[in-house]
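Per chain, numbering begins at 1; letters A, B, ... match sequence-line order. The analysis underlying the following values was restricted to heavy atoms, covering all of them including side chains, and did not include hydrogens, waters or symmetry mates.
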Number of protein chains: 2
Amino acid sequence: MQLSNSSQYAIRILAYMADQKDSELMNATELAEVLDIPYKFLAKIMTELVKVGLVVSIRGREGGYKFEKKTSEIMVSDILDIFNDSIKDEQCVLGIGFCNGMCKCALHDQWMEPKHLLQKMFRESSLEDIAGRGCKI
Amino acid sequence: MQLSNSSQYAIRILAYMADQKDSELMNATELAEVLDIPYKFLAKIMTELVKVGLVVSIRGREGGYKFEKKTSEIMVSDILDIFNDSIKDEQCVLGIGFCNGMCKCALHDQWMEPKHLLQKMFRESSLEDIAGRGCKI
DNA sequence: GTTTAATTCTACCTTTAAGTAGTAATTATA
DNA sequence: TATAATTACTACTTAAAGGTAGAATTAAAC
Ligand code: SF4
Ligand code: SF4
């Protein structure tokens, strides 16, 4: 009942980047150091973020990563999607989900409300919301 | 963002057992067959359920498993606890949770409500509630 | 052009969850 | 007492996630 490591790292990376508005371009070495994420693993994650178009990479000397879109337009759910961690509409709490609407277990209806709250939270919170408070996550 | 396989299986097993009130004692072979869970894996899970005292096992010929407590007294969260899948009070949505109360990200407060709903749901739903509807989960 | 600081790629290693196999122990029943 | 049916135990294998290493590639700077 938790996000994958990759999602957690990705969120922390992007939130940190969003915080450093002044220095547009951030390199992997610094990110890994300050966020205490294994350098190579971070690089792997960054590559995925680039592939999916959230950030762009500038290769070569003086290179680094920067946002492709405004941080207010990048939602947490966009990040979770990449690592297949977002909550699908049809997802059962238990993860079982054979049961059809006709024959519901006691949890079925109770799950709707927290599910919607979570989806709303992930879909409506942008990186700008998460960062921009002067504190690291 | 999902329960482990073991938790899912355990819930399905116990829910099925709860449904079969007539035949008190259920054996692993039948459970594995009807629930379509690998026999050996099921046996392993059952051993854990026995260890933790949710069910008792009768060994030897004509043996099997039966509940130790009333199914109305076994809560979903009791099962999740066994496989370390329940939602801890201090658990952050993102799973990060370095952040103290002083410096909260935008998700921090939004997470409280769905978290409490989920905890309540797991803690207050018994096996009797989940089963007893004539449908398999 | 060469050097150098940076990203990217491919392939591998490690750890944990999931699943399997075989055998020992237990007990009702014939 | 022998047999068959059943759980318990120990150890292994497989699959997936998490993480690492090193070479290849890129492009600024000199
Ligand atoms: S009825 Fe229960 S087990 Fe089935 S899909 Fe709904 S919540 Fe999941
Ligand atoms: S502030 Fe955000 S990241 Fe930190 S513990 Fe709270 S929810 Fe988690």
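- Residue Tyr65(B) is the one, among Gly60(A) and Tyr65(B), whose nearest nucleotide of DNA chain D lies closer to the 5' end (criterion: closest heavy atom).
- Rounded to whole Å, the distance from CD1 on Ile58(A) to C1' on dA5(C) is 15 Å.
- Atom NZ in Lys44(A) sits about 13 Å away from atom C1' in dT8(C), given to the nearest Å.
- Both Glu62(A) and Gly64(B) lie close to DNA chain D; mapped to their nearest nucleotides by heavy-atom distance, the more 5′-ward contact belongs to Gly64(B).
- With hydrogens and angles disregarded, a donor-acceptor distance shorter than 3.5 Å links the side chain of Lys115(B) to the backbone of Asp89(B).
- Of all nucleotides listed (dT8(C), dA18(C), dT27(C)), dT27(C) comes nearest to the side chain of Arg61(B).
- Residue Met26(B) contributes atom CE, which lies 15 Å from atom C1' of dT7(D) at whole-angstrom precision.
- Nucleic acid contact class of Phe83(A) (heavy atoms, under 4.0 Å, all strands): none.
- Rounded to an integer number of Å, the gap from Leu42(B) CG to dT20(C) P is 12 Å.
- Salt bridge Lys120(A)/Glu124(A): present, at least one basic N to carboxylate O contact under 4.0 Å.
- Looking at heavy atoms from C-beta onward, Ser4(A) lies in side-chain contact with Asp85(A) at the 4.5 angstrom threshold.
- Ala28(A) comes within 4.0 angstrom of the backbone, heavy atoms only, and of no base.
- If you take CG of Leu3(B) and C1' of dA17(C), they are 15 Å apart, rounded to a whole angstrom.
- When heavy atoms are screened at a 4.0 angstrom cut-off, Tyr39(A) is found touching base atoms of the nucleic acid.
- You'll find that the side chain of Pro38(B) is closest to dT20(C), out of dT6(D), dA25(C), dT20(C).
- Side-chain contact between Val55(B) and Glu68(B) is absent, with no heavy-atom pair separated by less than 4.5 Å.
- Summarising the geometry, the separation between CD on Glu48(B) and P on dA17(C) is reported as 12 Å, rounded to the nearest angstrom.
- At a cut-off of 3.5 angstrom, the base of dG18(D) holds no donor-acceptor pair with the side chain of Lys40(A).
- Residues Val52(A) and Met26(A) share a single hydrophobic cluster, defined by chaining ILVMFWY side chains whose heavy atoms lie under 4.5 Å apart.
- When rounded to the nearest whole Å, the span between CG of Asn27(B) and C1' of dA8(D) equals 15 Å.
- For dT7(D), the OP1/OP2 oxygens have no side-chain nitrogen or oxygen of Thr47(B) closer than 4.0 Å.
- In this structure, the CD1 atom of Ile37(A) is 12 Å from the P atom of dT20(D), given to the nearest Å.
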